[in-house]
Amino acid sequence: MKRVALASLGFLLLAGCAGTVDTVPDQPTMYLSMANGGAKLDPVAAASMISLYRQNNSLGPVVVDPALMALAEDQSTAMAKRNKLDHDVKAPLAKRLNAGGYPATLAVENVSAGYHTMAEAFSGWRDSPPHRANMLKSGVTKLGIAATYAPNTKYKVFWTMILASTDSK
């Protein structure tokens, strides 16, 4: 009986320790599926991915800009609500930037739909000459990115990435 009690106590002590162990993520956030309601895009990881790509092409990095994040989110949400992949679903980029009070001196935008992960969206943009050119636009320093999940649409996930600069060069 004493052995059973000691074994039970040992088991309980070990079980208590299990709750304090930090878990390692199953995968990098760039592979996290955005095709579910609880998914959150990691903008810092996206900026890091885009910056590394730009660095490999002799260009400077980009940093996350909260105002561009809001504008990208607005664009992705508008596309999702209309179930339509379109840069101008609300208005052209320049008008949206001006309406949002964003002082861009240079701005480009990539939109896409149907990609479930950041890695897929990035690969699609990289393999498309106009989207690749936007990611490698000289002079951009800031990024806003969004992925909006819309389960009752054809594409399920709508992506927007805005790259811009506010420098007066």
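Count residues from 1 along the sequence. The structure presented is a predicted model; accordingly, all values stated were derived computationally and were not measured.
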Within the distance-only criterion (no hydrogens, no angle test), does the side chain of [X] pair as donor or acceptor with the backbone N or O of [Y] below 3.5 angstrom?
{"X": "N134", "Y": "V108", "result": "no"}
{"X": "S123", "Y": "A119", "result": "yes"}
{"X": "R54", "Y": "P61", "result": "no"}
{"X": "T105", "Y": "S165", "result": "yes"}
{"X": "N36", "Y": "G38", "result": "yes"}
{"X": "Q75", "Y": "A91", "result": "no"}
{"X": "S128", "Y": "G124", "result": "no"}

- prompt: Is D74 salt-bridged to R96, cutoff N-O under 4.0 Å?
  reply: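 R96 and D74: not salt-bridged.
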
So which heavy atom on [X] is nearest to which on [Y], and how close?
{"X": "D127", "Y": "P129", "answer": "O-CD, 3.7 Å"}
{"X": "A39", "Y": "S33", "answer": "CB-O, 3.2 Å"}
{"X": "V89", "Y": "A78", "answer": "CG1-CB, 3.7 Å"}

[X] side, atom [atom1]; [Y] side, atom [atom2] - distance, nearest 0.5 Å:
{"X": "I50", "Y": "W125", "atom1": "CD1", "atom2": "CH2", "answer": "6.5 Å"}
{"X": "L41", "Y": "Y149", "atom1": "CG", "atom2": "OH", "answer": "16.0 Å"}
{"X": "R132", "Y": "K137", "atom1": "CZ", "atom2": "NZ", "answer": "13.5 Å"}

Taking the side chain as everything from C-beta on, heavy atoms only, tell me whether [X] gets closer than 4.5 Å to [Y].
{"X": "N57", "Y": "M135", "answer": "no"}
{"X": "V64", "Y": "M69", "answer": "yes"}
{"X": "M30", "Y": "T117", "answer": "no"}
{"X": "M118", "Y": "T29", "answer": "no"}

Side-chain polar contacts of residues 150-161 - donor-acceptor pairs under 3.5 angstrom, sequence neighbours left out - could you list them?
unit_1: T153; atom_1: OG1; unit_2: A150; atom_2: O; d: 2.7
unit_1: T153; atom_1: OG1; unit_2: K156; atom_2: N; d: 3.1
unit_1: K156; atom_1: NZ; unit_2: P151; atom_2: O; d: 2.8
unit_1: K156; atom_1: NZ; unit_2: T153; atom_2: O; d: 3.0
unit_1: W159; atom_1: NE1; unit_2: Y115; atom_2: O; d: 2.7
unit_1: T160; atom_1: OG1; unit_2: S76; atom_2: N; d: 3.4
unit_1: T160; atom_1: OG1; unit_2: S76; atom_2: OG; d: 2.8

- prompt: Is L71 isolated, or which residues cluster with it under the ILVMFWY side-chain rule of less than 4.5 Å, directly or via members?
  reply: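 Its cluster partners, ordered by chain and number, are L68, L93, L97, Y102, I162.
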
Is there a chain of hydrophobic side chains (I, L, V, M, F, W, Y, each step under 4.5 Å between heavy atoms) that links [X] to [Y]?
{"X": "M79", "Y": "L163", "answer": "no"}
{"X": "Y31", "Y": "M49", "answer": "yes"}
{"X": "V111", "Y": "Y53", "answer": "no"}

- request: Only one of L143, I145, T141 passes side-chain contact (heavy atoms from CB on, under 4.5 Å) with V62; say which it is.
  value: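 Single side-chain contact (heavy atoms from CB on, under 4.5 Å) partner of V62 among L143, I145, T141: L143.
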
